[in-house]
Participant: 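Have a look at this one.
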Protein chains: 2
Amino acid sequence: MKQAITRRQLQPPNKQAAVFQHVRRAHQMEATEDYVELIDDLIACEGEARLVDMARHLGVSQPTVSKTLARLQREGYVNSQPYRSIFLTPKGKKLAISSRKRHDIVFKFLIAMGVSEATAKRDSEGLEHHASAETLHAFNNFIESRSRTASG
Amino acid sequence: MKQAITRRQLQPPNKQAAVFQHVRRAHQMEATEDYVELIDDLIACEGEARLVDMARHLGVSQPTVSKTLARLQREGYVNSQPYRSIFLTPKGKKLAISSRKRHDIVFKFLIAMGVSEATAKRDSEGLEHHASAETLHAFNNFIESRSRTASG
DNA sequence: TAGAAAAGTTAGCCTATGCTAAGTTTATTA
DNA sequence: TAATAAACTTAGCATAGGCTAACTTTTCTA
């Protein structure tokens, strides 16, 4: 098989720096998005979001969740009284909805690509935070063209 | 348009926790992978990897690079004498090669999906760290089937 | 080759996210 | 309802990765 050779080429420093800065910014939002998405899911499925359940689902300790929730509250994503369950503010709810939408697109896309469900679940959790609107749009087109082919 | 409704369903706590733990682990490797990849590129394109160029390409300050390089040296990925240029250990070189391979697959895949070059560059930098072997394999199949269609 | 500029280091600060241990509040149950 | 258990918070620690300021070393150049 002929292997395409990609000529190694460095980007101009400022261009590449902009890319890395963009990734770091996305990265700062990751925990926030995971948290609000989980809170929204817990409220939808269990009736309320308790810290102990968040810790169990996230695989971290309760104090870690407590500390991160304090930041989210400070930043206006969530609302909660001490020792009580957690609520999303409108801003948090909005972020939860858009995060879930992206997550779903990435998940369905991976399934459409023939990836196993277990891997799709795992990878979509990491990938969702780094797919731009343009990429998500391309993924969505692919999903829709596949579902047309499959059903029509 | 009929919109597919995904029934909201929480994963079992331990299953979801495993996913998040996996993402956190991948996340810890991100900086390491970006650094060794960049060092390898700088050596290939400029003849040597200097800290100042790394800082410029990464978009961070020199002390930040210095600190992270100290960790990478501690962990056996790089080698360097004070005030001198930076070298990859065999372990670092191996990681650089596999990171670059993943990066290339993700980039080419996005291009094959019809995403613009600018977006593909940007997104591939974030996505590369979160695509499993299975997903990369699926991406690669897609690239190859497209290049067959295009050229044959 | 001396002085200036560039590169690299060190010190000290910050935030985010992990942890355990210990204490407080709330909920359960005997 | 009193005791226990569960949930939550607080304190204190660690690491990673950001930063600026100040210092040292190396390199360049006049």
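The figures that follow rest on heavy atoms only: side chains count, while hydrogens, waters and symmetry mates do not. So you know, we letter chains A, B, ... as the sequences are listed, proteins then strands, and number each from 1. Owing to the predicted nature of the structure, the values given are computational and were not obtained by experimental measurement.
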Participant: A/Arg24 has an atom CZ; how far is it from atom C1' of D/dG18, in whole Å?
Facilitator: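 So the two atoms are 8 Å apart, to the nearest Å.
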
Participant: Looking just at side-chain N and O atoms, do B/Thr89 and B/Asn79 make a donor-acceptor pair shorter than 3.5 Å?
Facilitator: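 B/Thr89 vs B/Asn79: no donor-acceptor pair found between side chains.
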
Participant: Looking at B/Arg74, does any N or O in its side chain come under 4.0 Å of the phosphate oxygens OP1/OP2 on D/dA16?
Facilitator: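 True: B/Arg74 side-chain N/O within range (under 4.0 Å) of D/dA16 OP1/OP2.
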
Participant: Would a line drawn from the ring center of B/Phe87 to the ring center of B/Tyr77 be shorter than 6.0 Å?
Facilitator: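 Not close enough - the centres of the two rings lie 6.0 Å or further apart.
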
Participant: When every nucleotide of nucleotides 4-9 of chain D is labelled 5' to 3' by its protein contacts under 4.0 Å (heavy atoms), B for base, S for sugar-phosphate only, - for none, what sequence of letters results?
Facilitator: ---SBB

Participant: Could you check how far CD of A/Gln21 sits from C1' of D/dG17, rounded to whole Å?
Facilitator: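 So the two atoms are 14 Å apart, to the nearest Å.
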
Participant: Report the C-alpha separation of B/Leu88 and B/Val36 in whole Å, then their side-chain angles, then the decisive distance to 0.1 Å, and conclude whether the side-chain contact (heavy atoms from CB on, under 4.5 Å) test is met.
Facilitator: CA-CA 7 Å; B/Leu88 293 174; B/Val36 296; 3.8 Å; yes

Participant: Side-chain contact test, heavy atoms from C-beta onward, threshold under 4.5 Å: evaluate it for B/Glu37 versus B/Asp40 and give yes or no.
Facilitator: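 No. Closest side-chain heavy atoms not under 4.5 Å.
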
Participant: Check the distance between D/dT10's P and A/Lys67's NZ and give it to me in whole angstrom.
Facilitator: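 One finds 12 Å between P of D/dT10 and NZ of A/Lys67, rounded.
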
Participant: Measure up the B/Phe109 and B/Phe142 rings against each other and bin them: parallel (under 30°), tilted (30 to 60°), perpendicular (over 60°).
Facilitator: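 Because their plane-to-plane angle is over 60°, the rings of B/Phe109 and B/Phe142 count as perpendicular.
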
Participant: Going by atom types alone, do A/His22 and B/Glu125 pair a side-chain donor with an acceptor below 3.5 Å?
Facilitator: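 A/His22 vs B/Glu125: no donor-acceptor pair found between side chains.
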
Participant: With a 4.0 angstrom cut-off to heavy atoms of chain B, pull out the first and last contacting nucleotide of DNA chain C, in 5'-to-3' order.
Facilitator: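 Result: C/dA7 to C/dG18.
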
Participant: So, for B/Gln9 and A/Cys45, which heavy atoms are closest and what is the spacing to 0.1 Å?
Facilitator: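 Here B/Gln9 and A/Cys45 meet closest at CA-SG, 4.2 Å.
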
Participant: Side-chain donor-acceptor pair under 3.5 Å between B/His129 and B/Asp34, yes or no?
Facilitator: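 Yes - a donor-acceptor pair under 3.5 Å links their side chains.
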
